[in-house]
Amino acid sequence: MQNVLSALPSVDLLLGRPEVGVLLETHGRIATTQALRESLDALRALLKADAGHAWSAEGIAAECAHRLQQRQQPSQKSVFNLTGTVLHTNLGRALLSESAARAVNAVMQSASNLEYDLDSAARGDRDDHIDDLICELTGAEAATVVNNNAAAVFLLLNTLAMRKQVIVSRGELIEIGGAFRIPDIMARAGAKLVEVGTTNRTHLKDYREGITPRTALLMKVHPSNYAIQGFTKSVSEAEVGTLAHEHGLPFVVDLGSGTLVDFTEYGLPREMTVRQAIAAGADLVTFSGDKLLGGPQAGIVVGRKDLVAKLKRNPLKRALRVDKMTMAALEATLRLYRSPDLLTRELPTLRLLTRPFEDIQAVAQRLLGPMQQAFEGKALVEIRPCHSQIGSGSLPVDVLPSACFAMTPTIQGRGAGTALNKLAAALRALPKPVIGRIEDGALVLDLRCLEDEMGFLSQLGHLKLSERDEAQGAAQ
Ligand SMILES: *Cc1c(COP(=O)(O)O)cnc(C)c1O
């Protein structure tokens, strides 16, 4: 055994090989040496188990290259979102427009005037880059930006309602996925929640009776991800706003998605716009950057100048501020709204939400043949009509007619469930993972968000559908 092990080349010897030289160039001496050591250790363990195990110096170098390459794989990679949910929080929500991506790129590796006033050569404010644009697009007096809408709501409550009361309807005490609950945020911000009305019905008098000398503000929250149907009553923004102002209190609205354009003009369900909320009397409105707006993750607060100024003076603003890349992406995204007629072309979120059914159906037809071929003997692939969701807590119901591939494993009965999971796993294991959803015993791939057909097709050859494919994959 000692002889077998001592026959192995040393790390130094391996470092001198030309193919290892290439690795040194790419990965550096430290990482390459480490990977060589690990490859040798692995080989030693194999030889101890089987002294006759065949090896070569080329093989060790190849193993080393494989290890280095594996380590270079980014953890966050791009995927095909075929879940049917256009704004999928777990898949990163809105896709940025070309112009937003360019804007991020421009400031990424260069210094910028992020907080520098080029006219006066004095210190500037990063919010200045979007202030005018947002005010123009919403009719608000002032605006500020933080990391996400949860942060916006938090900053607002902490600034205006610490140790005071905030009145919210019981029908609006929502939880958005990922542990964002209005009552919890309220408590952490130091504000006291005063619930009024009932789950299904809240009247103006409920708000009125909830007002005390300790009331800081009246708040409405967009129910986002659920709808109350049947015997219901809620009070409009305008009515709550008027009541608040009669008592000299600010009225704030957490719009959640917050769109800047009238969705019905694009054939989409009605959503209150930020401008409408301001016009209805909201003193402050908060909304997300990466939901219907179609920009980067951000929380935007717009409204009265004096209140926005207070928010900016809160030391927490510094802890919640956004970076230059977010600012660049947001500014570029907002700029697109100056040409609303081009939005369905330029803004991916709106382009995907308004994608015509015929268009999606045509994608399905073009890809059906190659898909059936790729899954031959493993799964039946057929085109079905389906409904996509907007997602991210906007408009909870399925409203967008779409087309999908429904894939059912050829194995039926016992083992069908396992086969279905394997099918889904094989698609997720592709170089650019394909994410669908499982529904009624089928794997459903909604094609609404599939724009890169070539990219999708070109990797079907990498599918590993059988144990043999998997073994080959591991050996490569
Ligand atoms: C989504 C949402 C939030 C949280 O926004 P993030 O940008 O995800 O932090 C808050 N309130 C409402 C009503 C929402 O829909």
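These numbers were taken from a predicted model, which means no experiment stands behind them. No hydrogens, no waters, no symmetry mates; every other heavy atom, side chains included, goes into these values. Atoms within a ligand are numbered from 1 in the order they appear, just like the ligands themselves.
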Using side-chain hydrogen bond (donor to acceptor under 3.5 Å, both in side chains), reason through S234 and T202 one step at a time and then give a plain yes or no. CA-CA 5 Å; S234 66; T202 301; over 6 Å; no

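- Heavy-atom proximity to G256, at under 4.0 Å, picks out these atoms of ligand 1: 12 (C), 13 (C), 14 (C), 15 (O).
- When heavy-atom distances to ligand 1 are checked against a 4.0 Å cut-off, Q297 has no atom that comes that close, whether in backbone or side chain.
- Looking at ligand 1, you'll find an N or O of R93 within less than 3.5 Å of one of its N or O atoms.
- For ligand 1 and K291, the ligand atoms under 4.0 Å from any heavy atom of the residue are 1 (C), 2 (C), 3 (C), 5 (O), 14 (C), 15 (O).
- A donor and an acceptor atom, one from each side chain of T232 and N200, are nowhere located under 3.5 Å apart.
- Under the 4.0 Å criterion applied to side-chain N and carboxylate O atoms, D206 and R170 are not assigned as salt-bridge partners.
- Contact analysis leaves V153 out of contact with ligand 1, as no non-hydrogen atom separation drops below 4.0 angstrom.
- Between T259 and T273, the side chains place no donor N or O within less than 3.5 Å of an acceptor N or O (distance only, hydrogens not considered).
- Listed by number with element, the atoms of ligand 1 under 4.0 Å from a non-hydrogen atom of F180 are 10 (C), 11 (N).
- Numbered from 1 in the order shown, with element, the atoms of ligand 1 that lie under 4.0 Å from a heavy atom of S288 read 5 (O), 6 (P), 7 (O).
- Ion pairing between D127 and K317 holds under the 4.0 Å rule for side-chain N and carboxylate O.
- The atoms of ligand 1 that sit less than 4.0 Å from any heavy atom of D254 are 10 (C), 11 (N), 12 (C), 13 (C).
- In terms of N/O distances under 3.5 Å, ligand 1 is not approached by H222.
- A side-chain N or O of T326 and one of D323 form a donor-acceptor pair less than 3.5 Å apart.
- The shortest N or O to N or O distance between A151 and ligand 1 is not below 3.5 Å.
- Close approach of ligand 1 to A150 is summarised as follows: ligand atoms under 4.0 Å from at least one heavy atom of the residue are 4 (C), 5 (O), 6 (P), 9 (O).
- Comparing heavy-atom distances from atom 5 (O) of ligand 1 across I300, I185, N149 singles out N149 as nearest.
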Does E115 form a salt bridge (Lys or Arg N to Asp or Glu O under 4.0 Å) with R126? I'd like the steps, not just the answer. CA-CA 5 Å; E115 285 189 350; R126 61 185 70 200; 2.7 Å; yes

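- Side-chain contact of T212 with Q165: a donor-acceptor pair under 3.5 Å is present, judged by distance alone.
- Between E239 and S236, the side chains place a donor N or O and an acceptor N or O closer than 3.5 Å (distance only, hydrogens not considered).
- No N or O atom of S392 sits closer than 3.5 Å to an N or O atom of ligand 1.
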